[in-house]
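Note sheet for the following structure.
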Number of protein chains: 2
Amino acid sequence: MGSNNQMEQLDHARARWLPPQAEEHIIAGRSWCEKLNQKFIALSALIPDLKKARKASVLEDAVKHVKDLQEKVKALEEQNMERTVESVVLIKKSHILVTDDGGSSSDENNLDES
Amino acid sequence: MGSNNQMEQLDHARARWLPPQAEEHIIAGRSWCEKLNQKFIALSALIPDLKKARKASVLEDAVKHVKDLQEKVKALEEQNMERTVESVVLIKKSHILVTDDGGSSSDENNLDES
DNA sequence: ACGTACACGTGAGAC
DNA sequence: TGTCTCACGTGTACG
């Protein structure tokens, strides 16, 4: 039988011969891909309620989550400022009550709480 | 020009003929890749101080940024709780001062400010 | 000249 | 079934 040609070597599993340089290129490409995948996994681990293990979903949900967190930070900062103001107002009020010297002649110290 | 054989078609720019099915597969693969790239861009737009426009950097810095934001949220929540407690204490104190019924019979209302 | 980063073609598997 | 998703090989470009 005359089947001992090159085709015998490069059959079922892409085992064809390559110059060592090209093989390193192949390995470089593969490990780059694997590295990216690890980072995808690392990112997806930080995202709550990740439905689908798809790359597109990881990126999409990462965007949503970052936006949510930034909103949350903003809301908390505002709330925090309110609380600070409230404390200051209360302290001032206490001071007024303690020293008993406030509010009789001025109209800007009309402090009401809701 | 007598060179109108198939070689004319598949010359310099991979313009070889393909069955329509395979061509759709090619287009599917390409648009999937483009879609991912758009999401990469969308994510990188949310990340401050992104040095390099590399996919690996986007994923890495996204992880860092999410962690930073989560820490920030936690810190703000704690601070907010402190402020809330402070306000409550001040309100209670004010109430005591106003109603003037505190401290004489109970030892747990010993509120001091520093 | 070598390594890194990437887009695309493509085969395979999932749904 | 046809579509979607992905890993990998590979050509290309940049440093």
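Small disclaimer: the values here were computed from a predicted structure and weren't measured. Convention: sequence-line order gives letters A, B, ...; per-chain numbering from 1.
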- For A/Arg30 and D/dG9, is the shortest distance between a side-chain N/O and OP1 or OP2 below 4.0 Å? yes
- N-O pairing of A/Arg83 and A/Glu86 below 4.0 Å: yes
- Taking only the side-chain nitrogens and oxygens of A/Asn37, find out if one of them lies under 4.0 Å from OP1 or OP2 of D/dA7. yes
- On DNA chain D, check which nucleotide each of B/Glu24 and B/Gly29 is closest to and give me the residue with the more 5' one. B/Glu24
- Does any donor-acceptor pair link the side chain of A/His25 with the base of D/dG11 at a separation under 3.5 Å? yes
- Task: Mark yes when over 12 heavy atoms from residues, nucleotides or ligands other than B/Lys72 sit less than 6.0 Å from its NZ; otherwise mark no.
- Result: no
- Note on the structure: Answer for the Watson-Crick or wobble partner of C/dA14, both distances under 3.5 Å, is D/dT3
- B/Trp32 CH2 to D/dA7 C1': how many Å, rounded? 8 Å
- Item | Side-chain touch A/His95/A/Thr99, heavy atoms, less than 4.5 angstrom | yes
- Write down the atom of A/Leu46, the atom of A/His65, and the distance for their closest heavy-atom approach. O-CE1, 3.5 Å
- Gap between atoms NZ and C1', on A/Lys55 and D/dC4 respectively (whole Å): 14 Å
- Between C/dC15 (P) and A/Arg54 (CZ): distance, integer Å: 10 Å
- Would you indicate, yes or no, if C/dA5 has its OP1 or OP2 atom less than 4.0 angstrom from a side-chain nitrogen or oxygen of A/Lys35? no
- Query: When the distance from CD1 of B/Ile27 to P of D/dC4 is rounded to whole Å, what number comes out?
  - Reply: 12 Å
